[in-house]
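In the text below, chain A, chain B and the rest are named by the order of the sequence lines, each starting its count at 1.
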2 protein chains.
Amino acid sequence: MLKYEKIAEDLREDILRGKYQSGEQLALEKEMCAQYKVSRITIKRAVDALVSQGLVVKRRGSGTFIKSLKDEDVKELGMANQFSGFAATYRDRKVETDILRFDIVHPDEAVAAKLQITTEDFVYDIIRVRKLDGEPVVIEYTKMPIQLIPGIKKSVLETSIYAYIEKKLKFKIQSAHRTVKADMPTAEEKKALQIEGILPILEVEQVAFLDDGLPFEYSVSRHRGDRNVFRSVSIR
Amino acid sequence: MLKYEKIAEDLREDILRGKYQSGEQLALEKEMCAQYKVSRITIKRAVDALVSQGLVVKRRGSGTFIKSLKDEDVKELGMANQFSGFAATYRDRKVETDILRFDIVHPDEAVAAKLQITTEDFVYDIIRVRKLDGEPVVIEYTKMPIQLIPGIKKSVLETSIYAYIEKKLKFKIQSAHRTVKADMPTAEEKKALQIEGILPILEVEQVAFLDDGLPFEYSVSRHRGDRNVFRSVSIR
DNA sequence: GAGTGGTCTAGACCACCCC
DNA sequence: GGGTGGTCTAGACCACTCG
């Protein structure tokens with residue numbers, strides 16, 4: 001592990017363990033330099049990581065201070081703005097997957113454009129329902145170019161496509177661009193998500209990229225509005 | 001303007017102007033050092049800014065490459081993960097504000113906890129409907145501690161609270177922690193937002209912080225589901 | 001092996017805060 | 001005036017990619 005990563009993790013654990021009060025001042029950068037025996041820039045990188053996680057604020061001329069947060073917000077913060085698949089996000093709960101569709105088709109113009117391929121290429125066309133502890137929470141529509149991500153099988157869909165891409169194909173996932181909106185479920189979705197009466201959908205449309213800059217997935221995840229939220233922290 | 005900011009802006013404009021193709025390689029860091037006459041770390045900071053905006057990817061051993069994005073995604077990206085008030089976000093359109101409530105009250109336990117004050121303190125209790133080009137798009141419920149943000153008047157609510165805080169009070173806004181979810185409008189909200197029939201709400205709950213780490217605003221913005229989306233880019 | 005970006009150093013100067 | 005974090009430098013070594 002890199003020095004600045006290690007230091008950032010140490011500090012983060014101290015904060016989450018409640019070592020500091022709301023608004024309390026952290027050790028000075030100079031002090032941390034001595035404590036960890038590293039240069040000031042390395043300390044700065046570590047503390048900047050905490051700033052972008054929303055845990056602390058820096059004040060030039062004064063020092064670095066713990067942000068005044070409710071505990072529940074603090075605990076969720078590690079996940080905000082993060083990138084991970086469904087299975088990884090809920091790895092402490094019972095996750096089941098129903099595969100409603102698994103075909104190979106040509107993409108339409110819009111999807112082809114987002115995946116930077118042509119309508120002549122082939123993509124997987126996947127529809128899955130994800131359940132937590134037996135309750136359906138989200139229906140995911142996924143399209144991936146087969147030329148980029150070969151060898152997807154039913155067993156992969158039942159667990160995690162991301163784990164397959166990173167562990168089997170040895171690719172690295174770099175980022176995801178997301179658009180979130182509210183919508184109403186279709187009749188089919190109401191059935192698949194076991195929705196009775198009127199309940200809205202939280203839709204997350206996503207284009208995901210490998211670390212070579214190529215888009216490898218276009219997906220639309222439509223979540224039951226009563227069982228999901230989307231978190232983010234923005235700085236500055 | 002700082003050197004790395006200036007360089008990042010230059011590069012960003014080049015990309016948005018279409019100087020590069022999807023996947024094309026940028027100048028090497030060493031070349032940029034010579035071109036801008038700065039050190040390599042300064043170049044690195046500038047290029048890292050583009051990475052966090054989702055515009056490029058870096059590959060150790062190879063170079064830096066333009067990400068393969070659809071144009072509309074690229075153009076929206078500057079706004080994603082950014083922090084600004086309603087008026088600033090839509091400054092090229094006609095913005096109107098209806099003030100439905102403007103009182104001073106004691107906060108309940110939940111709000112007091114989020115604002116790090118007690119239920120004995122006072123907060124502004126504000127409800128506003130925002131309109132774009134005459135059409136209502138969002139109803140905002142705002143609570144702010146009067147001890148931290150004094151002197152709010154009706155005229156401030158009609159334009160921008162954030163502009164008042166930054167320009168009149170000379171405070172700096174540091175960050176916002178947000179939770180997004182889908183919901184259905186209440187009967188009052190349907191009336192205020194001129195919703196007929198069944199239309200969901202995109203709710204953004206937010207705690208905003210000043211640069212001294214103190215929370216100064218708790219707000220819930222409930223947007224018409226057909227007129228708003230929420231964007232984000234997550235890296236790694 | 002040549003070349004890329006990643007990390008880290010030791011030190012300088014600056015803008016800002018508080019006493 | 002003394003001390004804080006912010007920016008920037010010049011240079012070193014490392015991990016990785018590619019021919």
Side-chain angles (χ1 to χ4, degrees), chain A residues 1-11 23-52 55-67 166 169-175 209-214 235-236, chain B residues 1-11 23-52 55-67 166 169-175 209-214 235-236:
Chain A
M1 182 175 298
L2 304 171
K3 288 187 187 180
Y4 82 91
E5 279 181 346
K6 172 63 177 152
I7 296 168
E9 197 174 82
D10 280 1
L11 294 172
E24 189 176 341
Q25 184 164 11
L26 262 67
L28 301 180
E29 294 193 350
K30 202 163 58 170
E31 292 167 4
M32 292 190 205
C33 291
Q35 180 189 342
Y36 288 100
K37 295 188 173 57
V38 298
S39 75
R40 215 185 109 209
I41 284 188
T42 302
I43 292 294
K44 183 175 169 357
R45 287 189 65 175
V47 179
D48 282 348
L50 299 184
V51 172
S52 70
L55 290 172
V56 304
V57 294
K58 294 167 126 182
R59 296 159 59 185
R60 172 148 55 170
S62 303
T64 302
F65 299 82
I66 301 291
K67 224 151 123 177
E166 299 210 294
L169 298 181
K170 302 288 183 195
F171 292 161
K172 276 177 190 153
I173 298 173
Q174 191 253 357
S175 61
F209 294 80
L210 296 176
D211 72 346
D212 60 4
L214 289 178
I235 306 293
R236 264 213 268 182
Chain B
M1 181 174 298
L2 303 172
K3 287 187 186 179
Y4 82 91
E5 279 181 346
K6 172 64 179 152
I7 295 168
E9 197 174 83
D10 279 1
L11 294 171
E24 188 175 342
Q25 184 164 11
L26 262 67
L28 302 179
E29 294 193 350
K30 202 163 57 171
E31 293 168 2
M32 292 191 204
C33 290
Q35 180 188 343
Y36 288 100
K37 294 188 173 58
V38 298
S39 74
R40 214 184 110 212
I41 284 188
T42 302
I43 292 295
K44 184 175 168 357
R45 288 189 65 176
V47 179
D48 282 347
L50 298 184
V51 172
S52 69
L55 290 171
V56 305
V57 294
K58 292 168 126 181
R59 296 160 55 187
R60 173 147 58 169
S62 302
T64 301
F65 300 83
I66 301 290
K67 225 151 124 177
E166 299 209 294
L169 297 180
K170 301 290 183 194
F171 291 160
K172 276 178 190 151
I173 297 173
Q174 191 253 357
S175 62
F209 294 80
L210 297 176
D211 73 346
D212 60 3
L214 289 177
I235 306 292
R236 265 212 272 179

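Note: CD1 (A:I41) to P (D:dG11) measures 16 Å, nearest angstrom. Separating the CD atom of A:E29 from the P atom of C:dC17 is a distance of 16 Å, rounded to the nearest angstrom. Summarising the geometry, the separation between CD on A:E5 and C1' on D:dC14 is reported as 15 Å, rounded to the nearest angstrom. Summarising the geometry, the separation between CD on B:Q25 and P on D:dT17 is reported as 15 Å, rounded to the nearest angstrom. Spacing between atom NZ of A:K37 and atom C1' of C:dC8 amounts to 17 Å, rounded to whole angstrom units. At whole-Å resolution of the value, CG in A:L50 and P in D:dG5 are 14 Å apart. The nearest whole Å value for the distance from the NZ atom in A:K6 to the P atom in C:dG6 is 24 Å. Between A:K44 atom NZ and C:dA12 atom P the separation is 20 Å, expressed in whole Å.
Of the candidates D:dT7, C:dC8, C:dC17, C:dC17 carries the atom nearest the A:S62 side chain, counting heavy atoms from C-beta on. Of all nucleotides listed (C:dT7, D:dT9, D:dT7), D:dT9 comes nearest to the side chain of B:V38. The listed nucleotides are D:dT4, C:dG5, D:dT9; the one nearest the side chain of A:K30 is D:dT4. Closest approach to the A:R60 side chain among C:dC8, D:dT9, D:dT4 is made by D:dT4 (side chain taken as heavy atoms from C-beta onward). Of the listed nucleotides (C:dG6, C:dT4, D:dC8), C:dT4 has the atom at the smallest distance from the side chain of B:L28. Distance from the side chain of B:R40 is smallest to C:dG6 among D:dC18, C:dG6, D:dG6.
For the OP1/OP2 pair of D:dT9 and a distance below 4.0 Å, the side-chain nitrogens and oxygens of B:K3 include at least one atom meeting the criterion. Listed pair B:R59 / C:dG6 fails the phosphate criterion, with no side-chain N or O lying under 4.0 Å from OP1 or OP2. A close approach under 4.0 Å does not occur between any side-chain nitrogen or oxygen of A:S39 and OP1 or OP2 of C:dG11. For the OP1/OP2 pair of D:dG6 and a distance below 4.0 Å, the side-chain nitrogens and oxygens of A:K58 include at least one atom meeting the criterion. In this model, the phosphate group of D:dT7 is approached by a side-chain N or O of B:Y4 to a distance below 4.0 Å at OP1 or OP2.
A:L214 contributes atom CG, which lies 11.0 Å from atom CD of A:Q174 (distance to the nearest 0.5 angstrom). Within the model, atoms NZ of A:K6 and CG of A:L2 stand 12.5 Å from one another, a figure rounded to the nearest 0.5 Å.
Judged by distance alone, the side chain of A:E29 and the main-chain N or O of A:T64 form no donor-acceptor pair under 3.5 Å. B:E166 places a side-chain N or O within 3.5 Å of a backbone atom of B:I173 that can act as its donor or acceptor partner.
Applying side-chain contact (heavy atoms from CB on, under 4.5 Å) to B:E5 and the options B:K3, B:M1, B:E9 leaves one that passes, B:M1.
Across all strands, A:L2 comes closer than 4.0 Å only to sugar-phosphate atoms, never to a base (heavy-atom distances).
The two residues B:I7 and B:A46 have their closest heavy-atom pair at CG2-CB, 3.7 Å.
Position along DNA chain C of the nearest nucleotide to B:E31 versus B:K172 favours B:E31 as the more 5'-ward residue.
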